[in-house]
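Working notes for the structure below.
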Amino acid sequence: MSVAGHQVEEPEDREASFSALLEDSMEDLYDNAPCGYLSTLLDGEIAKVNATLLTWLGYRREDLVGRRSFADLLSVGGKLYHETHYAPMLRMHGEARELALDLVTADGHRLPVLVTATVKKNQDGDPLLVRITVFDARERRAYERELLRARREAERERERLQRLTSTLQRTLLPAELPEVLGLEIAAHYHAASSDQVGGDFYDVFPLDADRWGFFLGDVCGKGPQAAVLTSLTRYTLRAAAVHDTDPVAVLSTLNSVLRQRHDPGAPRFCTVVFGLLQPDGDDFAVSLASGGHPPPLVIRADGEVDVLTTPGGQLVGALPDAHFVATSARLTPGDVLVLYTDGLTEARRADGLMLGEDEERLPALAAGFAGTGARAVVDSLAEVLTAWADEPSDDTAILALGPRPPEAR
Amino acid sequence: MDVWSRNHVTVTGPEGGRPLVFSHGFGCDQNMWRLVAPAFAADHRVVLFDHVGAGRSDLSAWDPERYSSLEGYAADVLEIMAELDLRDAVFVGHSVSAMIGVLASVADPSRFGGLVLVGPSPRYVDDGDYRGGFSAADIEELLDSLDSNYLGWSAAMAPAIMGVPERPELGQELTESFCRTDPAIARHFARVTFLSDNRDDLAAVTVPSLVLQCREDIIAAPAVGEFVHRRLRGSELVLLDATGHCPHLSAPEQTTAAIAEFLRRRSSS
């Protein structure tokens, strides 16, 4: 038979030609195999070794057989690994596969190898000896070391990024909340990612001798762009309140400032609640305005919950003449005003249900925390959040303000 | 924190039997004791567990702070003993767990009736005249060996390692998880294990103790076993005709016999 000018042999002819070519004896196959072979007793004493391995190591057969154990051929680190992992694995499972070890040659050089060992058993299943194959792994090991080096480098870079992020994050939140006579203030902040600066923010600050400003909001986006917007928003709110404390005026100023940004593609919207606090006897008078933000709650000492809605309040930074809506409330001792971002209400349970999907859920939960004080309310809400969603996927900020009872001041 | 799932605690043997707590060393898990522990389950309350980070322990309980010294592991042992309300327990610790047992017994001797230390070493790194057997550079080399051998480990292994006690395919998972662990935890445990120095703690031990020493052991040489024996007041030393660092695997009958003899004399005295 001829195909395209080549003679094609019949299968039996090919087999005959293989036999002539492969005149290997079993001995030769063992001794000159392209890998190292050795057999040891159960305690590791070398009983047989092939020529390939002897050549690699620079030993004579009589140096090793009956004189050395397999562990003797290993580097010190390899010996420790052998005793703590390899030997127990071999005893327990009768085999150990693809272990990366270094053999030490007669002249003291290291030979990186991959070792696989199996235990040979007799008919009754009792172990007799250990058979070991040894593959030269110099190039593979160099490549693996490079991978390890790259991984460590990546881990270091990630740590650096996280440090930078958490530092930046801290600069965007108040280092500590101010002391206001007669008022308990508490906050909770959860950053969804340690790699990215979050977009939620809040602050409480003095306006004059007996008035306090506070705000809590959420800028559009995440990361460096969001951090820039958060920073601008925070400082604008504080500066605007110096000129005109009216909450609607403060939000209008912020709207104008955000509209003036000339950075196409960068986010420039936020939702925010801005408010004023003024002590009045044992009470505090609150007036606030909201721009597209989830409504604050007032948890009354007796368990009633007022939802401070501001219908028609628009997103800040989106429209030239955005409309903001004001409302007011009176906090008596034991009441707590709670502001929060949508990280709380939009937290998703494993089955996908959002915590705030049913608008009644949050007020109902909050009613259960009545009379416990601002700190306890914040802690309880943080617990509610982690119980609802194992890993909250969005940033969350919660701020609570509550007049203390006169006897606790 | 539930110590049962944290340390994958398993208890066999009669409720009223004398408690015998087996604690595995670096590199493996409680399965290391399977050629020795069952022999005692007829008349002892046999307690086995995995150190956090090993075997089927709860990996989420691992905390680099708590486990930055052997005291953290010793605290776990005491918490397990408290949970089971063990009294007069004999603690059998292999390798690094021998020192974990020493620390636990010093912290609260009231729970311990005795210590069996298998291949103990109070310090692996040479120091002046003291010969632990290793240089600091050797230990770094071990850490490199760990890194090279854990390349194949991936996050996909984690579910198999995490303890899911009610799962039936135990045998299969045992093979999968044996000697496997999160590389970062293994590296950390190796560092804590091989760089600890507990020589001064030995003199504080007040409970009876037995040192089981292999004839040849590169990790804890006979001279180290003798050092431990000399420092532990009133301790016994038994030299096993075994090689390597794991006599409970390579010479389980001798190991079992030596522990049984120690228990016999402790209960008759």
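In what follows, chains are A, B, ... by sequence order, proteins preceding strands, each numbered from 1. Atoms considered below: every heavy atom in the structure, side chains included; atoms not considered: hydrogens, waters and symmetry mates.
Under the 4.0 Å criterion applied to side-chain N and carboxylate O atoms, B:R56 and B:D50 are not assigned as salt-bridge partners.
The part of B:F134 that comes within reach of chain A is its side chain, from C-beta onward, which places non-hydrogen atoms under 4.5 angstrom from that chain. A:R152 touches chain B through its side chain: at least one heavy atom from C-beta onward sits under 4.5 Å away, while N, CA, C and O do not. With a 4.5 Å cut-off on non-hydrogen atoms, B:S250 touches chain A through its backbone and its side chain both.
Remark: aromatic rings of B:W33 and B:H24 are distant, center separation not under 6.0 Å.
Across B:Y67, B:Y73, B:F194, a single residue satisfies ring-ring contact (aromatic ring centres under 6.0 Å, His included) together with B:F189, and that is B:Y73.
Between B:F26 and A:H85, the ring planes lie perpendicular to each other; the angle is over 60°, past the 30° to 60° tilted range. Between A:H188 and A:H190, the ring planes are parallel. Angles under 30° get that label, and only those over 60° would be called perpendicular.
Among A:V76, A:L99, A:L114, A:D43, the residue with the largest count of heavy-atom pairs under 4.5 Å with chain B is A:V76. When the candidates A:E83, A:E98, A:K79 are compared by the number of heavy-atom contacts under 4.5 Å with chain B, A:E83 comes out ahead.
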